[in-house]
Amino acid sequence: MTAPAPGSERRIALIAVGPREYTAVELDGEDREVERTPLAAEQFAGWVSSVEAADGPRWIIRSAGEVYATLLRDGVRLGRSHDLVLCHAILRDTASVASPLAPSAAWERREPMTAAPSLFDVFDDDSGDDAVDGALEQYRAQRRVLSASADGRLTLLCAAESAGGLIAEEMRIAGLPWDEGVHDAILTATLGTRPVAGGLPSHMVELGDRVRALLDDQTLHLDSQPKLLRALHRVGVNAESTSRWELSEHDHPVIEPLLAYKKLSRLLSANGWTWLSEWVRDGRFRPVYIPGGVVTGRWASAGGGALQLPRSLRPAVRADPGWTLVVADVAQLEPRMLAAMSSDEAMARAARGSDLYAGVVDSGAVATREEAKYAVLGAMYGATTGDSGRLVPRLRQVYPRAMALVDAAARTGEDGGIVSTWLGRSSPRPSAEWMRLQSEATDADADPAVVALARRRARDWGRFTRNFVVQGTAAEWSLIWLAEIRHRLQQIPEVFTVAEASGPFARVPHLAFFLHDEVILHVPQEHAEAAAAAVRDAAAVATTRLFGSFPIDVPLDLRIAESAAK
DNA sequence: ATTGTGTGCGCG
DNA sequence: AAAGCGCGCACACAAT
């Protein structure tokens with residue numbers, strides 16, 4: 001990000017050619033090879049570090065997971081990169097340019113490594129000069145696609161995505177500061193006394209006994225959905241499922257303790273003591289982030305359920321002594337993106353200030369904030385029935401441009417077409433199965449059931465493409481926000497207090513957590529205000545990068561606190 | 001014994 | 001049992 005003018009920045013490919021053995025290739029302005037430097041394991045980190053300090057080049061890498069984790073363990077941080085795997089995923093088959101990148105299996109993302117890599121896992125295809133030549137060839141192909149797209153949006157997207165690749169590795173190394181004592185106290189207060197060997201915590205035992213007594217079955221296994229359902233039917237609760245939503249509709253004394261039991265059961269199995277011992281080490285939760293892991297460009301995660309941490313555990317996120325957290329999130333990011341993408345000035349006016357839903361009420365479209373929320377979500381998700389679906393047409397009156405954008409995206413999807421985000425990430429093609437069903441349904445003598453099914457599937461896909469453009473653009477805003485935060489944090493000097501942690505982030509403010517539209521920074525107390533300013537400035541820059549001078553507010557809810565609890 | 005599928009629920 | 005998008009994970013149970 002904040003790249004020098006194209007051509008003026010130094011670019012060096014850093015390619016693995018063996019176990020911890022690399023080749024660096026310097027390129028000139030026309031992507032021609034200038035110099036090839038073999039780097040053995042013992043000189044690798046030192047060489048990269050000195051070049052980084054001297055020039056801050058853009059490092060062309062296969063993927064951050066491949067080279068950056070190693071460097072970080074040696075204390076070396078990179079400024080800028082071009083991540084070939086992440087950019088390949090964006091540029092292959094993209095509908096945003098006339099001649100997209102040819103897909104290549106060699107540049108697909110590899111499964112996240114769950115076990116330690118063996119020699120053969122990492123270097124199974126190419127090694128030595130073949131690997132280097134292959135990488136250079138892929139890079140040049142990607143550059144050709146980028147230079148053919150005149151407006152620079154894809155270039156911005158690739159730069160941001162690559163920065164995301166670096167950030168994901170950094171956050172994993174740094175970790176989220178996690179107070180095991182606080183977590184344990186929450187578990188004990190909620191679930192009851194921790195069982196000594198096997199068994200359930202005390203509150204769950206009590207609730208379970210109550211439920212079994214009320215269902216008149218002392219041996220009922222509450223975790224078995226079919227058995228529980230049969231037991232409920234026996235006492236006259238004729239539910240079709242055991243979901244919370246449906247159970248709460250029924251009136252029976254068993255419902256209250258059963259729902260309470262389910263709530264506790266969820267906490268125990270998802271984030272109980274087992275999770276704590278498995279995922280928190282030395283006061284840090286270290287999830288595996290997968291940038292671009294969702295089709296829309298959102299990040300995914302693997303292991304630890306990083307993106308599903310229950311709000312109730314947020315008090316366990318606590319800064320080290322002498323440090324603090326900067327916690328920031330955006331309210332209603334997606335509808336704000338929609339207003340800007342569609343240049344809908346009426347919707348942008350409603351988005352002025354911190355509560356877009358209040359603005360929608362003020363516009364007269366709906367009567368209450370609750371209705372505004374359902375209407376806006378329904379518009380972006382494609383609701384057609386229920387409270388939400390009923391309210392959507394009112395938005396169409398007040399915000400015709402915004403609605404036209406999502407409606408068009410839905411229509412394109414229903415027709416089997418491809419839609420793109422603001423910066424040009426394309427939606428996937430519908431499956432061959434989907435296409436076959438659609439063409440089958442157009443036959444003159446098509447079975448009415450097939451026609452109905454095809455219609456339903458078409459609408460399903462239309463809702464996906466409708467949401468894709470908005471969710472994907474929101475992901476782009478967040479990615480630029482992240483990259484700009486990181487860039488600004490790098491300007492803040494390190495501290496020389498004794499740190500709790502070790503590693504490359506022990507003395508510097510750093511990103512510690514990211515969740516779609518929310519960040520948590522872990523910073524030395526003396527730099528809290530500077531870090532908060534970095535977060536705010538970065539948000540403003542992200543908005544301008546995407547939408548220029550179009551007047552759209554993207555306000556942050558930001559606080560500096562010892563704990564991430566609300 | 002492992003692998004796949006359905007259910008339910010946490011997050012945005 | 002959600003209506004209305006995108007995920008990951010645990011558990012039970014069926015299939016292999």
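Quick caveat: nothing in here was measured; it's all calculated off a predicted structure. Sequence lines set the chain letters: A, B, ... in the order given, protein chains first and strands last, and positions in each chain run from 1.
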Donor-acceptor pair (no angle test) under 3.5 Å: A/Arg298 side chain, B/dG12 base:
yes
Base, sugar-phosphate, or nothing: which does A/Gly378 touch, judged by heavy atoms less than 4.0 Å apart?
nothing
Are A/Arg266 and C/dC9 close enough that a side-chain N or O sits under 4.0 Å from OP1 or OP2?
no
Looking across every strand, which nucleic acid part, if any, lies under 4.0 Å from A/Phe468 by heavy atom: base, sugar-phosphate, or nothing?
nothing
Have a look at A/Arg466 and say if it touches a base, only the backbone sugar-phosphate, or nothing, with a 4.0 Å heavy-atom cut-off.
nothing
Residue-phosphate contact under 4.0 Å: A/Gln225 side-chain N/O, B/dG8 OP1/OP2:
yes
As a test of reading the structure: which of C/dC7, C/dG4, C/dC13 is closest to the side chain of A/Tyr374, going by heavy atoms?
C/dG4
Expressed as a whole number of angstroms, how long is the span from A/Leu267:CG to C/dC11:P?
13 Å
Heavy atoms from C-beta onward define the side chain here; which of B/dC11, B/dC9, C/dC5 lies closest to that of A/Asn467?
C/dC5
So what does A/Leu309 touch, heavy atoms closer than 4.0 Å: a base, only the sugar-phosphate, or nothing?
sugar-phosphate
Looking only at the side chain of A/Ser269 (C-beta and beyond, no hydrogens), which of the listed nucleotides B/dG12, C/dC9, C/dA10 gets closest?
C/dA10
Measuring to OP1 and OP2 of C/dC7, would you say a side-chain N or O of A/Ser301 lies under 4.0 angstrom away?
no
Can you tell me, in whole Å, how much space there is between the C1' of C/dA1 and that of B/dG6?
15 Å
Name of the residue among A/Glu170, A/Arg172, A/Glu169 meeting side chain to side chain donor-acceptor pair (under 3.5 Å) with A/Tyr68
A/Glu170
How is A/Gln471 classified with respect to the nucleic acid when contacts are heavy atoms under 4.0 Å: base, sugar-phosphate, or nothing?
base
Within this structure, what is the CZ-to-C1' distance between A/Phe464 and C/dG6, rounded to whole angstrom?
9 Å
Where the side chain of A/Thr385 is defined as all heavy atoms beyond and including C-beta, which of C/dA12, C/dG4, C/dG6 is the nearest nucleotide?
C/dG4
A/Asp387 atom CG, over 12 foreign heavy atoms within 6.0 Å
no
Counting the atoms with a prime plus P, OP1 and OP2 as sugar-phosphate, which does A/Val295 contact under 4.0 Å by heavy atoms, base, sugar-phosphate, or nothing?
sugar-phosphate
Side-chain atoms of A/Arg463 come closest, of C/dA1, B/dG8, C/dC5, to C/dC5
Determine the contact category for A/Gly304: base if any of its heavy atoms lies under 4.0 Å from a base atom, sugar-phosphate if only primed atoms, P, OP1 or OP2 are that close, otherwise nothing.
sugar-phosphate
Atom CZ of A/Arg244 and atom C1' of B/dG10 are separated, to the nearest Å, by 10 Å
Does the side chain of A/His516 get closer than 4.0 angstrom to OP1 or OP2 of B/dC11 through an N or O atom?
no
Assign A/Gly382 to base, sugar-phosphate, or nothing according to its heavy-atom contacts below 4.0 angstrom with the strands shown.
sugar-phosphate
Which whole-number value in Å describes the distance from A/Glu246 CD to B/dC9 C1'?
15 Å
Any side-chain N or O of A/Lys227 under 4.0 Å from OP1/OP2 of C/dA12?
no
Taking the C1' atom of each, how far is B/dG4 from C/dA3, in whole Å?
29 Å
Under 4.0 angstrom between A/Thr384 side-chain N/O and C/dG4 OP1 or OP2:
yes
Is the shortest side-chain N/O distance from A/Ser241 to OP1 or OP2 of B/dT7 below 4.0 Å?
no
Side chains of A/Ser420 and A/Ser426: donor-acceptor distance under 3.5 Å anywhere?
yes
Kindly point out which of B/dC9, B/dC11, C/dA1 is positioned nearest to the side chain of A/Arg311?
B/dC11
Ring centres under 6.0 angstrom apart (A/Phe513, A/Trp178)
no
Side chains of A/Ser342 and A/Tyr399, donor plus acceptor under 3.5 Å
no
